[in-house]
Structure formats: C-alpha cells, structure tokens
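Everything below concerns the one structure shown next.
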Amino acid sequence: MKEDMHRAFIVRASEVLGDTYRGLSSPEICKLCREYAVEYNRDIPYPEPTSNDGEARLPNKRTALQKNLESFLPREQYVIIRDLCNHKKFEANEDVRELRRLLVKDYRHLAPDDEDTAEVIQEAQHWLKKYSDAFRHYDAASWKYRSKDREDYRNALDDLRLSLEVLLKEVLGNEKSLENQMKSLGAFVKAKGGSEEFSNGLWKVLDWYSKYQNERVKHKEKVLEGEVAFIFEITVACMRQIVRLDS
C-alpha cells in the first residue's frame, strides 16, 4: 500500500488535468488550488496566474498544477485530484476517466470516509440528466453535500427530496406531492411488470423517507451528520430504480 502519492502519478495527473487543449486553464488551476489552500491551510507556490505587476508568473499550467499539488498532504491530494476529475469540463474526457480509475485503484486508502457516497452521487448525475428538472435539484443537493458545511446539510436534503418528488411527477405524469403518490406508483410498477410485493416495498421505503424528511428537514429538527450519507444513498437507490422502470 502506498502511504504517499507517488510523484509520477502527480505529474501524470497534472499533465491530464492541465492539458494544453482539453485541460483546465491557468486561471482555473490557480483559483481552484487557491480554494483548497484556504480550506486546508496550505501555502502554495502559484495562487495567481500573474504577479503583482501583471507579469506572467507561471512556468506553464501543468507545472504550476504539479507544484501546487505537491504542497498538500497525500489525503488532501486525493480529494483535490478526485474533485478536479469531476469538473464539468471533463465529462466526456477519456483520459480524465482513466486518471480517476487509477486514482481509486492505487490510492483508495487515502480517500475520505464518505468516498463511497461520493461515488454514488457522481454516478447518479449521469443517468439522471435526461430528467432536467430533477437533475437540477439533485445537482444543487450534491454540491451542498460535498461542501461539508453542516449548515448546508439541511438545504441539501431539502433539494434531494425535491429532486425525487419532481422525478416522480415527471415519470408518473401528475403533479402530486411525494406523500400522495402511492396509488400512481403502484400502477406504474405493475404496468412495467413489477410484482405487488416489490411495489409495496418501494412505497414503504418512500413513505418512511417522506416522514423522515418532514420531521428532520421541513420542521427544522436537527439534521444528524451521520445520517446524511445514508439518506443520499437510499434516495439515489429509489431514483435509480424508478429510472430503470421508465427506460
């Protein structure tokens, strides 16, 4: 097991993420690294693309990214490279996808405790995209969750519930609230060849979910940090099944 991230991997990551034509720009690299430097209280060599007198100060953007990454601890490097791989600019970039695969394969031991939840969230953003309204609320929820700001957790769960509710409205073709979808959901599952037992089980999960959200989110009860990841995962599981049935 590699306790530190090998320099060769950091160099490769910098080459891919700072690619001349398909990578992050110099201002983007400096801005993103600067944000992580503030978060982790690190001093980085290239927080700005230019010096105080306006002269270019970067050797080149790939080297700047590499030197900035080397200023962080290994667990911090993992998070930064993972997050940069998830940047919207790289959605269709196969080199970045391969970089992320290697990151997880070789350095998973450096990942934060909630890495599995982060993977679930990232995957869901791909198959939910065709449901634009549901995706918009889900995307907002995922960004608030990944901010790790405890004050944002309540808003993240609120957006998450809204995403599920909007998805059901679109798939079932009605404007009912989540609490009132039992009959329509049962008919939908049956029409798609699902069993009555499965339909009842799915509804029981959604009914519990709705009650939890009403008590903990809508009524301003304390949102327990340890439960947030579970709520995300169970929401994604329910939404994924609904999307499968709608395919």
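For this chain, numbers begin at 1 and follow the sequence in order. The analysis underlying the following values was restricted to heavy atoms, covering all of them including side chains, and did not include hydrogens, waters or symmetry mates.
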Output yes when a side-chain donor or acceptor of [X] lies under 3.5 Å from a complementary backbone atom of [Y], and no otherwise.
X	Y	result
Arg75	His109	yes
Lys61	Leu24	yes
Glu76	Leu73	yes

Is Lys89 atom NZ crowded by more than 12 heavy atoms from other residues, nucleotides or ligands, each under 6.0 Å away?
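Atom NZ in Lys89 is packed in, count exceeds 12.
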Are more than 12 heavy atoms, taken from residues, nucleotides or ligands other than Lys204, located less than 6.0 Å from that residue's NZ atom?
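It does not: Lys204 NZ has 12 such atoms or fewer within range.
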Can you tell me how far the CZ atom of Arg42 sits from the OH atom of Tyr36, to the nearest 0.5 Å?
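Here the interatomic distance stands at 14.5 Å.
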Just verifying a value: how many Å separate Phe90 CZ and Arg100 CZ, rounded to the nearest 0.5 Å?
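With rounding to 0.5 Å, CZ (Phe90) is 13.0 Å from CZ (Arg100).
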Just checking Tyr107 against Phe9, ring centres under 6.0 Å apart?
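Centroid separation for Tyr107 and Phe9: below 6.0 Å.
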Validation row: [X], [Y] side chains within 4.5 angstrom (heavy atoms):
X	Y	answer
Pro47	Cys33	no
Ile234	Tyr212	no
Asn214	Arg161	yes
Gln181	Glu165	no
Asp139	Ser163	no
Val11	His6	no
Arg22	Asp19	yes

Do we see a donor-acceptor contact under 3.5 Å between the side chains of [X] and [Y]?
X	Y	value
Asn180	Ser177	yes
Arg34	Asn68	no
Lys190	Ser199	no
Asp207	Ser210	no

Start with the C-alpha gap between Glu28 and Lys31, add the side-chain angles, then the distance that decides, and say whether salt bridge (Lys or Arg N to Asp or Glu O under 4.0 Å) holds.
CA-CA 5 Å; Glu28 286 173 329; Lys31 178 179 183 295; over 6 Å; no
Check Gln77 against Leu69 and note the closest heavy-atom contact, atom names and distance.
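Minimum heavy-atom separation between Gln77 and Leu69: NE2-O, 3.0 Å.
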Looking at Asp133 and Arg136, does any basic side-chain N land under 4.0 Å from a carboxylate oxygen?
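A salt bridge is present here (some side-chain N lies under 4.0 Å from a carboxylate O).
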Stepwise, does the side-chain contact (heavy atoms from CB on, under 4.5 Å) test hold for Leu157 with Tyr153?
CA-CA 6 Å; Leu157 293 185; Tyr153 280 158; 5.6 Å; no
Kindly work out whether a path of hydrophobic side-chain contacts (I/L/V/M/F/W/Y, heavy atoms less than 4.5 Å apart) joins Val38 to Ile29.
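They do not share one cluster, since no chain of ILVMFWY contacts under 4.5 Å joins Val38 to Ile29.
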